Asker: 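This structure is in structure tokens; I'll ask about it shortly.
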Amino acid sequence: MASPAPLDTSEPDPTVADLIAARPHLSMHAMDGLVLEDVPLSAIADALGTPVWVYGAGTMRGRLAGLTAALDGLNVHVHYAVKANDHLAVLRLLAGGGAGADVVSIGELRRARHAGIAGRDIVFSGVGKTHAEIRAALEAGVGQLNVESAAELAMISAAASALGVTARVALRINPDVDAGTHAKITTGRADNKFGIPFDDAAALYAHAASLPGVQPVGIALHIGSQILSTAPYRAAYARAAEMVRTLRAQGQTVSVVDCGGGLGIGYRDTPGLPPAAFAGALRAAFGGLGVELMVEPGRWLVGPAGLLLASVVLTKGDERFVVLDAAMNDLVRPAMYDAYHAIVPLASGNAVGPVRNVDIVGPVCESGDTFARGRALPAVAAGDRVAILDAGAYGAVMSSTYNARGLAPIALVDGSRWAVIRPRQEPEDLWRNESIPDFITPDVVT
Ligand code: LLP
């Protein structure tokens, strides 16, 4: 299991200086402490309190531009995977950089539309689209629906026929390739729930071509997330190219291959998957095939651009435990996947000096509420602040209000400007839509 690295990894932890050096959007200043783009993060924590998410707009824009440049000449369209970070401002800025959207629910579809992304620039993926979602996708005029089963193909055909439209569909094939990533986020093996078994795809494609209301335009695949080497991509894309040839030999028209997402980022001080290497894998498989390509990256575009700022509430257990005011309800990745997230102090004075190995935990009543175990961290004390890095993808979107903890606010930095893009959710917000029915005894003591 290559990654995400387990949180109690035996590899030595990178130093604060190495972590910052590996992230060009971050810098440590003697007076201002940790700075994202040109904004000292302590200013945001002072204004909004902690925990608070901070995203770097310039960083996201720059990453999209870098990926687009690496893919130049390949006839590729980037459809940002909305699930990674679905904030309207994030969607708007990525759309401004030329990205469409990959959505997996009616909620994501409506978010993308609300952010100003045209229906034709939206791909609707997902293994269990409901009738209502299919109808909404068709009414929004989405550019493509990625079909995951024969049953879903029939649903789309019926819905499109009833609406009098033709749905452009791609069949999501399961290439049965191991992405070498965490078991909970690998999707391209035969025993995962995703896609159409490779050996069934050609017959289903022919069936699709015979159905009313649908036009098969190509194939799609997505083998997993946080992939750090091109080997699984090369294996899967070779299978996809083979499928294109097979389908064409059978007389089918195949003009699109949606190559999915999954590009991994460096959570420590090592780089993620270089976009040029990814582009090489695309070129090797599809270079001569005359197909229009799509990619659906999420994490790679937004992950490094987001941080979760937290304050140290106290230390305990002979300073073995550093208890933060952020918790697993805010960022669940360490608890859910044993994921490694680097943690650095906000104040420059805290970033130097001898390190101690500590468990960095949240206040939620579960032992799993642990951000890092045995982590080398320079000394911190109650009231000091830290930043949990690389939290821009699968961070705020996966938050819950467990333990009646409201969702943390979000600030967006852009160069030297910043703005609040979501306020803190207060306790009253949590029960605003709850009601107590009459049959519940009314005479409780208040
Ligand atoms: N396309 C499809 C069909 C997907 O299912 C996904 C992610 C993506 C694209 C984008 O993948 P990315 O480029 O972001 O790796 N919550 C987990 C990750 C789950 C990914 C699910 N599918 C985590 O925090 O690591």
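Both ligands and their constituent atoms are indexed starting at 1 by order of listing. Each residue takes its place number in the sequence, starting with 1. Everything numeric in this text was worked out from a predicted model, so none of it was measured.
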Asker: Between Tyr337 and Gln226, do the side chains contain a donor N or O and an acceptor N or O under 3.5 Å apart?
Answerer: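 Result is no, nothing qualifies.
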Asker: Suppose I only count heavy atoms of Met398 and a 4.0 Å limit; which atoms of ligand 1 are within that range?
Answerer: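 Result: 16 (N).
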Asker: Any side-chain heavy atom of Leu34 sitting closer than 4.5 Å to one from Leu307?
Answerer: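 A side-chain contact exists here, since the closest heavy-atom pair is under 4.5 Å.
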Asker: Would you say ligand 1 has an N or O under 3.5 Å from any N or O of Trp300?
Answerer: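 No: no nitrogen or oxygen of Trp300 is under 3.5 Å from one in ligand 1.
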Asker: Among all residues two or more places apart in sequence or in another chain, which pass the ring-ring contact (aromatic ring centres under 6.0 Å, His included) test with Tyr233?
Answerer: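 Only Tyr237, Phe278 meet the ring-ring contact (aromatic ring centres under 6.0 Å, His included) criterion with Tyr233.
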Asker: For Asn146 and Asp258, which I'm curious about, is there any donor-acceptor pair between the side chains at under 3.5 Å?
Answerer: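 Asn146 vs Asp258: donor-acceptor pair found between side chains.
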Asker: Quick one about Arg385 and Thr50 (side-chain donor to acceptor, distance below 3.5 Å, no hydrogens or angles considered), yes or no?
Answerer: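 The criterion, which ignores hydrogens and geometry beyond distance, is not satisfied for Arg385 and Thr50.
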Asker: Which atoms of ligand 1 sit under 4.0 Å from any heavy atom of Gly261?
Answerer: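 Atoms satisfying the 4.0 Å criterion: 9 (C), 13 (O).
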Asker: Using a heavy-atom cut-off of under 4.0 Å, does the side chain or the backbone of Asp102 touch ligand 1, or both, or neither?
Answerer: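 Answer for Asp102: side chain.
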Asker: For His341 and Arg333, test the side chains for any donor-to-acceptor distance below 3.5 angstrom and give the result as yes or no.
Answerer: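 Side-chain D/A pair, His341 to Arg333: present.
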Asker: Under 3.5 Å, N or O to N or O, is Pro297 touching ligand 1 that way?
Answerer: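 No; every N/O pair is 3.5 Å or more apart.
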Asker: What part of Ala84, side chain, backbone, both or neither, has a heavy atom within less than 4.0 angstrom of ligand 1?
Answerer: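 None of Ala84 does.
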Asker: So, Glu133 versus Ser105: side-chain donor-acceptor pair below 3.5 Å or not?
Answerer: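 Side chains of Glu133 and Ser105: no pair found under 3.5 Å.
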Asker: Go through ligand 1 atom by atom and flag the ones less than 4.0 Å from a non-hydrogen atom of Ala81.
Answerer: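 What qualifies from ligand 1 is 8 (C), 9 (C), 10 (C).
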Asker: Which atoms of ligand 1 are found less than 4.0 Å from any heavy atom of Gly262?
Answerer: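 Counting from 1, the qualifying ligand atoms are 11 (O), 12 (P), 13 (O), 15 (O).
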Asker: Between Glu108 and Lys83, does any NZ, NE, NH1 or NH2 come within less than 4.0 Å of an OD or OE carboxylate oxygen?
Answerer: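 No salt bridge links Lys83 with Glu108.
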Asker: Which of the atoms of ligand 1 are close to Arg172, meaning less than 4.0 Å from one of its heavy atoms?
Answerer: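 Ligand 1 atoms under the 4.0 Å threshold to Arg172: 3 (C).
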Asker: Any nitrogen or oxygen of Gly298, main chain or side chain, under 3.5 Å from a nitrogen or oxygen of ligand 1?
Answerer: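 Between Gly298 and ligand 1, an N or O pair is found under 3.5 Å apart.
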Asker: Residue-level breakdown please: for Arg299 versus ligand 1, do any non-hydrogen atoms fall below 4.0 Å on the side chain, on the backbone, on both, or on neither?
Answerer: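 Both the backbone and the side chain of Arg299 come within reach of ligand 1.
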Asker: Please state whether the rings of Tyr55 and Trp53 are parallel, tilted or perpendicular, taking 30° and 60° as the class boundaries.
Answerer: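 Rings of Tyr55 and Trp53: tilted, 30 to 60°.
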Asker: Enumerate the atoms of ligand 1 whose separation from the nearest heavy atom of Tyr337 is less than 4.0 angstrom.
Answerer: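 Going through ligand 1 atom by atom, the ones under 4.0 Å from Tyr337 are 16 (N), 17 (C), 23 (C), 24 (O), 25 (O).
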Asker: Give the contacting part of Glu296 toward ligand 1: side chain, backbone, both or neither, where contact means a heavy-atom distance below 4.0 Å.
Answerer: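 Both backbone and side chain.
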Asker: Below a 4.0 angstrom heavy-atom separation, can you tell me which part of Lys83, side chain or backbone, both or neither, approaches ligand 1?
Answerer: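 Looking at Lys83 and ligand 1, just side chain atoms fall under 4.0 Å.
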